[in-house]
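So you know, we letter chains A, B, ... as the sequences are listed, proteins then strands, and number each from 1. Owing to the predicted nature of the structure, the values given are computational and were not obtained by experimental measurement.
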Number of protein chains: 2
Amino acid sequence: MRDVAARAGVSAKTVSRVFNDDPHVLPETRAKIEQIMRELNYVPNVLATTFRSGKTSAIGVAVPDIVDPYFAAIARAVDDVARKRGVATLLTNLGDDPARERDVLESLLSRRLAGLIVAPIGVDHSWLKRWTESTPVVFVDRSPTGLPADIFTDNDEAGGHQATSHLIGHGHKRIAYVGDSFHLSTEVNRLAGYRRALTEAGLGFDEALVASYVKDRDSTRAAVERLMALPGRPTAVFSSNARSSMLLLRALPEASVAVVGFGDFPLADLLRPALTVVDQDPDQIGLLAAGRVFERADFPKRRLKRTNVLDVTLIERESCKVARP
Amino acid sequence: MRDVAARAGVSAKTVSRVFNDDPHVLPETRAKIEQIMRELNYVPNVLATTFRSGKTSAIGVAVPDIVDPYFAAIARAVDDVARKRGVATLLTNLGDDPARERDVLESLLSRRLAGLIVAPIGVDHSWLKRWTESTPVVFVDRSPTGLPADIFTDNDEAGGHQATSHLIGHGHKRIAYVGDSFHLSTEVNRLAGYRRALTEAGLGFDEALVASYVKDRDSTRAAVERLMALPGRPTAVFSSNARSSMLLLRALPEASVAVVGFGDFPLADLLRPALTVVDQDPDQIGLLAAGRVFERADFPKRRLKRTNVLDVTLIERESCKVARP
DNA sequence: TTGTAGGCGTTATCAG
DNA sequence: CTGATAACGCCTACAA
């Protein structure tokens, strides 16, 4: 900037004004400076600007796993919204270690972002309080713990209920539940919905039918073997998330049990049998969360509903129809 | 920091020293300061540090589309490497407008990252030159244009040749090529491989068999209809990328033509027929690219091979066997 | 319309 | 081993 100012025979402040579209600059002065900026290939130091002003024109997104199409879709939806406002989106992977969540998030927050959207993996977010005083933080998919904050999530309980009821409607009486970890609000709620559906149908809840650590090929295989060897062998399975569904389809003996999954994913409809799913709307969640971040930033005092639950819908395909009991 | 220094009765510099593990601090002074830092919940301002030092402990990754599992895998692999070194990864979506590529990348670079990994969408990267003087930039998947730079890419030509030869081996003589845009080096090379295989087999290259704008449902449908109505109707298709493959499988009349795709994707093996693919190794690319960034950062003078081409391998499944001519 | 002074939080330098 | 001072590049406030 110094060089530009020197070459143009003006002060640094005037150069700064040109960049910030300050109207109080003579057109000719402006033209000259712009010319020299191009020549010198000058790009203002965003860092210095941010440092000085305390805010960057970027929002952060943190998700457990960027490879998961659900989170990728949320991230892209956020990016679309931010892009329209000329704001950059910085995405980061949380990984699978809850203990590192704080480090990763603070590394983002310390860049003085204009906002942060997070699908958490941790079990305590009270430490986030001091950050929320200066940066709007919006949760997606999973609720925060120990912190009041904006959250956009799916109606997991209703979805679990819908999926299970649908299988019951197809005549199944022994329905297994397959999921991964239980420290997430989503899983807890989906299991609750599953349980309620069973109870309402007078089927009763059997703990043996719950397989809760389906995370990779081995654990999936083990879970399937255990379930299939059960005295009252299940004729149907409710898979509580897309990752588990994909693993399950690989491990299940072909067309041996009916399946309904929570969460649609690419190609689910091209499988044989095509997978019946409870469809979430990650694009919508990303859209709303990004909108909320900007709304909080623009109108800090506005009172808004913190908890926002989106409806889910069942997409009936074929996998719920196989193996009628 | 000021508060901490005041409370500890030392200067700011000493506090700074404690943070930077400077050995020239009395253990008791250090203990006292650490104590007070905890009490005050002091977190150093990364921005100020970066601003001052000119380098952040973060690397950037920019990809065309984060929803594409290939790019998501690269990003996660990079993150894994960076995480082990205690470096954060900032990911960003380039989108589909080549004109915006520069803005997005400069917004990343101006944060003074320790390095940048980019799968470009643009057609000119000469402007990046001034940045590469201060920041290691490594390309992945697609080559840069107008700029010498590190690049890790698949052997696209060999892959195209392999896929096409494989179909020829199954007796096909009319093999279509389906891809998306042609301004990418990857597509150009895959087409070249396709062409070479045809020529080597004495089959000749027929421009009518090339469908180059398969980007969404409509364009895919149109392309398939055109190809199927051709006088010499193709009995096989080489799809030059995973996105096109997924679209194609949806649009193709069931089991009507043999297919080999470039790029594996989740569930490709569970489809009926299971898709035969040329397998890339995005994890490996991410790993190598991240390694190179750090190597360039640590040893600026070391001479390294710029262009790095990774081998691809054909995974034979079923889709290449249907519709034998 | 343009310029000057001061400071954002940290660290390098050099002195004590 | 510790401290004072200056500087990183920019912007706000104020002055000319």
task: With heavy atoms under 4.0 Å as the rule, sort Tyr42(B) into base, sugar-phosphate or nothing.
output: sugar-phosphate
- prompt: Quick one: Asp22(B) CG to dA12(C) C1', roughly how many Å, whole number?
  reply: 12 Å
query: Would you say Ser110(A)'s side chain and Val46(B)'s backbone share a donor-acceptor pair under 3.5 angstrom?
result: no
query: Taking only side-chain nitrogens and oxygens of Thr14(A), does any of them come within less than 4.0 Å of OP1 or OP2 of dG3(C)?
result: yes
query: What about Arg52(B), does its side chain sit under 3.5 Å from the base of dA7(D) through a donor-acceptor pair?
result: yes
- prompt: Where the side chain of Ser11(A) is concerned, which of dC11(D), dT10(C), dT4(C) is the nearest nucleotide?
  reply: dT4(C)
Ser53(B) vs Val10(B), nearer the 5' end of DNA chain D by closest nucleotide: Val10(B)
- prompt: Rounded to the nearest Å, what distance is computed from the CZ atom of residue Arg111(A) to the P atom of nucleotide dG9(C)?
  reply: 18 Å
message: Using a 3.5 Å distance criterion without hydrogens, assess whether the side chain of Lys55(B) forms a donor-acceptor pair with backbone atoms of Thr50(B).
response: no
- request: Could you tell me the separation between the CG atom of Leu26(A) and the P atom of dG3(C), rounded to a whole number of Å?
  value: 10 Å
- request: Could you tell me whether the side-chain ring of Phe51(A) sits stacked on the base of dC10(D), using a centroid cut-off under 5.5 Å and a plane angle under 30°?
  value: no
- line: Ranking dT11(C), dT1(C), dC11(D) by distance to the side chain of Thr49(B), first place goes to dT11(C)
field: Donor on one side chain, acceptor on other, Tyr70(B) and Asp154(B), under 3.5 Å
entry: yes
message: Do Arg85(A) and Phe294(A) form a cation-pi contact, if we require the NZ or CZ to be under 6.0 Å from the six-membered ring centre and within 45 degrees of the ring's axis?
response: yes
- prompt: Of the candidate nucleotides dT2(C), dT10(C), dT2(D), which contains the atom at the shortest distance from the side chain of His24(B)?
  reply: dT2(D)
query: Counting just side-chain N and O atoms, does Thr29(B) come under 4.0 Å of either OP1 or OP2 of dT2(D)?
result: yes
- line: Phe19(A) atom CZ is separated from dG9(D) atom P, nearest whole Å, by 15 Å
query: Arg2(B) side chain: which of dC10(D), dT11(C), dC8(C) is closest?
result: dC8(C)
Interatomic distance, Arg17(A) CZ vs dG3(C) C1' [rounded to whole Å]: 7 Å
message: Without decimals, in angstroms, what is the distance between Asn20(B) CG and dA12(C) P?
response: 7 Å
query: So which nucleotide from dT2(D), dT2(C), dA4(D) ends up closest to the side chain of Lys13(B)?
result: dA4(D)
message: Quick one about Trp127(B) and Glu106(B) (side-chain donor to acceptor, distance below 3.5 Å, no hydrogens or angles considered), yes or no?
response: no
message: Checking contacts here: which listed nucleotide (dG3(C), dC10(D), dG9(C)) is nearest the side-chain heavy atoms of Asn45(B)?
response: dG9(C)
task: Return the value, rounded to whole Å, for the distance between atom CZ of Arg112(B) and atom P of dG9(C).
output: 20 Å
- prompt: Roughly how many Å is it from CE in Met1(A) to P in dC11(D), rounded to a whole number?
  reply: 6 Å
